[in-house]
Amino acid sequence: YDSTLECLEFKQIRTIAIIAEGIPENYTRKLIKEAEKKNVTIIGPATVGGVKPGCFRIGNTGGMLDNILHSKLYRPGNVAYVSRSGGMSNELNNMISQTTNGVYEGVAIGGDRYPCSTFMDHLLRYQASHEVGMLVLLGEVGGTEEYQVCEAIKSGVLTKPIVAWCIGACADMFPTDVQFGHAGASAGASEETASAKNKALAEAGAEVPTSFDELGEKIGEVYRKLVIAGTIVPKAELPPPPVPMDYNWARELGLIRKPASFMTSICDERGQELLYAGIPITEVFKQDLGIGGVLSLLWFQRRLPPYACKFLEMCLMITADHGPAVSGAHNTIVCARAGKDLVSSLVSGLLTIGDRFGGALDGAAAQFTEAFDSGLIANDFVNKAKKEGVLIMGIGHRVKSLNNPDMRVVVISEYAKEHFPCTPLLDYAREVEQITTKKKPNLILNVDGCIALCFVDLLRHSGFFTKDEAENIIKTGSLNGLFVLGRSIGFIGHFLDQKRLKQGLYRHPWDDISYVLPEINQ
């Protein structure tokens, strides 16, 4: 209602369609008065709109594109109609297209008791158009607007042939008044019944069929007479413009499929419960798969044995933290003390992970695997790396040494020796370690190298992966993923610790910085 009043303020808007239902009758009467003052046509309320073939349609009149083509609404004909019902207007589109050369214009005025525009408003427009050869009126039980049409026919205001029918004649079969679907579809008096109005229309001179079933035939009969008389001259039928099938409709019919934006094979949340690699989340808990089991499902799409799941959990536990002095933890702490949020602080720490800090797992796995598979003995491998001037990834530690062993390496290697089917790469790394520690005692197998090589032994000899699958897992960064996931636990811990301790902004002390400035002559 408010939107319509606003539209009436714009002089350039000459026609308004109100699709909405349930507008109070009092409001509708006010709209009718305002529209009359400003000479604006309002279609509705409670209408699907209207259609002018070859030009435009209002609302959803005419239905989907395939129905528009079927009803020939893509070009104008010579038959104009006005209807109460929006749904029946689509039926009229079909009838007229099958029995004549098509619709010139069609309007559904709406099913409320007080429509803003009447049958006569539109029939008079059609009468004045030289493109319209005949008229069709589809009224219904309730109201008296059809009698205005009768008077217009009798007085000669409407001279073009008109086929008319009022639906709801079955109401005569009921002993009491019947309210049909529309608000105005109820006969309050005998003259408002469909039968009485059909009789009056026929007596006035309109072409009225004996039933709705014969409406299409009657329209075709009148049309053919007009063609024979030369009143309507059908134009040559042009082929309809090619229109692609509606995408959603084609999908529903199974004619096409929507290309996927991306694919996933690890998780599905669409069913009754969440699936991890095909296993329901309830089964994950019932079978006590744990974090290691969830990792095996989401990362490797395998149900790995308990010893393998335990190994994955051990890797996360061991890599969770290594004190505040390492670069990742240091960055996280500095960001936390600068007032940054958890995610920002965590990302700051994670960005330090690479070949120099924590990210050596993938590199160690690739380097040792290549040497082992090529048949290089440990001594030749060390000499080759020295000759090429490359570091052996997974070897060396800033603090730990032969005399101060890294207990994380001890725990991992002992577990692998006890539970894995075999550990050829771990054994090979130990041979390399014996050579490197003779040069420097801190050139030991570090935790990155130990985890990486045990992981490769697990992939190759657990019986759950082919050799190609194992190599692909290494290449895709799964090993570094273990370190990133594990160390995130520690970084979050450092963030929470700084917040709990209410530490202020960090500034690095001057006495820990060596200032080396160039000496430039003034």
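- Residues Tyr1 and Lys30 form a side-chain contact, since some pair of their non-hydrogen atoms from C-beta on lies under 4.5 Å apart.
- Residues Thr99 and Tyr223 approach most closely at O-CD2, 3.6 Å, considering heavy atoms.
- Here the side chains of Leu135 and Val82 are not in contact, with every heavy-atom distance at 4.5 Å or above.
- Remark: Arg460 is not positioned above the aromatic ring of Phe465, lacking an NZ or CZ atom under 6.0 angstrom from the ring centre and at most 45 degrees off the axis.
- Partners of Lys52 by salt bridge (charged side-chain N to carboxylate O under 4.0 Å, His left out), not counting sequence neighbours, listed by chain and number: Glu105.
- Checked for salt-bridge contact, Glu221 and Lys225 meet the test: a charged N lies under 4.0 Å from a carboxylate O.
- Residues Gly278 and Pro280 share a closest heavy-atom pair of O-CD, 3.7 Å.
- For the pair Ser478 (side chain) and Ile473 (backbone), a donor-acceptor distance under 3.5 Å is present.
- With rounding to the nearest 0.5 angstrom, the OG1 atom of Thr41 is 10.5 Å from the CD atom of Glu36.
- Shown here are the side-chain hydrogen bond (donor to acceptor under 3.5 Å, both in side chains) partners of Arg14, two or more places apart in sequence or in another chain: there are none.
- For the residue pair Trp165 and Ser211, the shortest heavy atom distance occurs at CH2-CA, 3.6 Å.
- Pairing each heavy atom of Leu350 with each of Phe491, the nearest pair is N-CE1, 3.8 Å.
- The side-chain hydrogen bond (donor to acceptor under 3.5 Å, both in side chains) search around Ser344 returns Asp341, not counting sequence neighbours.
- Annotation: side-chain hydrogen bond (donor to acceptor under 3.5 Å, both in side chains) contacts of Glu91 (sequence neighbours excluded): none.
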Problem set entry | Stepwise side-chain contact (heavy atoms from CB on, under 4.5 Å) test for Val141 and Ile167 | CA-CA 6 Å; Val141 60; Ile167 56 178; over 6 Å; no

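- Remark: Leu274 CG is packed, more than 12 non-hydrogen atoms of other residues, nucleotides or ligands lying under 6.0 Å away.
- A donor-acceptor contact shorter than 3.5 Å links the side chain of Ser97 to the backbone of Asn94.
- Contact check for Val149 versus Leu201: side-chain heavy atoms found under the 4.5 Å cut-off.
- Annotation for Glu283: atom CD counts as buried by contact number, over 12 foreign heavy atoms lying within 6.0 Å.
- Remark: Thr319 pairs with Ile451, Phe483 by the side-chain contact (heavy atoms from CB on, under 4.5 Å) rule, at least two apart or across chains.
- Heavy atoms only, all atoms of each residue included: Ser83 and Ser89 are closest at OG-N, 4.2 Å.
- A donor-acceptor pair under 3.5 Å links the side-chain atoms of Asn101 to the main chain of Asn78, judged by distance alone.
- Side-chain contact between Arg337 and Ile333 is present, with heavy atoms from C-beta onward closer than 4.5 Å.
- For residues 143-153, the salt bridge (Lys or Arg N to Asp or Glu O under 4.0 Å) pairs, not counting sequence neighbours, are Arg84-Glu145, Glu146-Lys197.
- In terms of modelled atom types and a separation under 3.5 Å, the side chain of Ser296 and the main chain of Arg302 share a donor-acceptor contact.
- For residues 478-500, every residue pair satisfying the salt bridge (Lys or Arg N to Asp or Glu O under 4.0 Å) rule, not counting sequence neighbours, is listed here: Asp497-Arg500.
- The distance from atom OG1 of Thr193 to atom CG of Asn198, rounded to the nearest 0.5 Å, is 8.5 Å.
- Taking Glu471 as the reference, nothing meets the salt bridge (charged side-chain N to carboxylate O under 4.0 Å, His left out) condition, with sequence neighbours excluded.
- Applying the ring pair (Phe, Tyr, Trp, His ring centres under 6.0 Å) rule to pairs touching residues 254-308 yields Phe300-Phe455, Tyr307-Phe420, sequence neighbours excluded.
- Listed by chain and number, the residues in a salt bridge (charged side-chain N to carboxylate O under 4.0 Å, His left out) with Arg303 amount to none (sequence neighbours excluded).
- Between Val284 and Val294 there is a side-chain heavy-atom pair separated by less than 4.5 Å.
- For Glu313 (side chain) and Gly292 (main-chain N/O), a donor-acceptor pair under 3.5 Å exists by modelled atom type.
- A distance-only check finds no donor-acceptor pair linking the side chain of Arg113 to the backbone of Gly143 [under 3.5 Å].
- Evaluation of the salt bridge (charged side-chain N to carboxylate O under 4.0 Å, His left out) rule for Glu237 yields Arg75 as partners, not counting sequence neighbours.
- Atom CD of Glu273 is surrounded by more than 12 heavy atoms from other residues, nucleotides or ligands within 6.0 Å.
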For this session: Apply salt bridge (charged side-chain N to carboxylate O under 4.0 Å, His left out) to Lys38 and Glu9, showing your working.
Result: CA-CA 9 Å; Lys38 300 185 178 182; Glu9 297 299 321; 3.2 Å; yes

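- Residues Ser117 and Asp121 share a closest heavy-atom pair of CA-OD2, 3.4 Å.
- No hydrogens or angles considered: nothing links the side chains of Thr144 and Glu191 as a donor-acceptor pair under 3.5 Å.
- With a 4.5 Å cut-off on side-chain heavy atoms, Ile219 and Ile96 count as touching.
- At a cut-off of 3.5 Å, with distance as the only test, a side-chain donor of Ser265 or Gln301 sits close to an acceptor on the other residue.
- Here the straight-line distance linking atom CD of Glu34 with atom CD1 of Ile42 works out to 9.0 Å at 0.5 Å rounding.
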Problem set entry | Derivation and outcome, side-chain hydrogen bond (donor to acceptor under 3.5 Å, both in side chains), residues Ser85 and Glu140 | CA-CA 8 Å; Ser85 169; Glu140 67 181 22; 5.5 Å; no

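- Between Leu137 and Tyr81 there is no side-chain heavy-atom pair separated by less than 4.5 Å.
- Atom CD of residue Glu192 and atom OH of residue Tyr147 lie 8.5 Å apart, to the nearest 0.5 angstrom.
- Not one N or O on the side chain of Lys72 forms a donor-acceptor pair closer than 3.5 Å with the backbone of Gly102.
- With values rounded to the nearest 0.5 angstrom, Lys310 atom NZ is found 15.5 Å from Leu304 atom CG.
- The closest side-chain heavy-atom distance from Leu73 to Thr61 is not below 4.5 Å.
- A distance-only check finds no donor-acceptor pair linking the side chain of Ser345 to the backbone of Phe495 [under 3.5 Å].
- For the side-chain hydrogen bond (donor to acceptor under 3.5 Å, both in side chains) test, no residue two or more places apart in sequence or in another chain qualifies with Asn331.
- Of the possible polar contacts, none joining the Ser129 side chain to the Arg125 backbone as a donor-acceptor pair under 3.5 Å is found.
- Atom CG of Asn90 sits about 12.0 Å away from atom CE of Met95, to the nearest 0.5 Å.
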For this session: Decide side-chain contact (heavy atoms from CB on, under 4.5 Å) for Ile13 and Leu8; before the verdict, give the C-alpha distance in whole Å, the side-chain angles of both, and the deciding distance to 0.1 Å.
Result: CA-CA 7 Å; Ile13 297 178; Leu8 288 170; over 6 Å; no

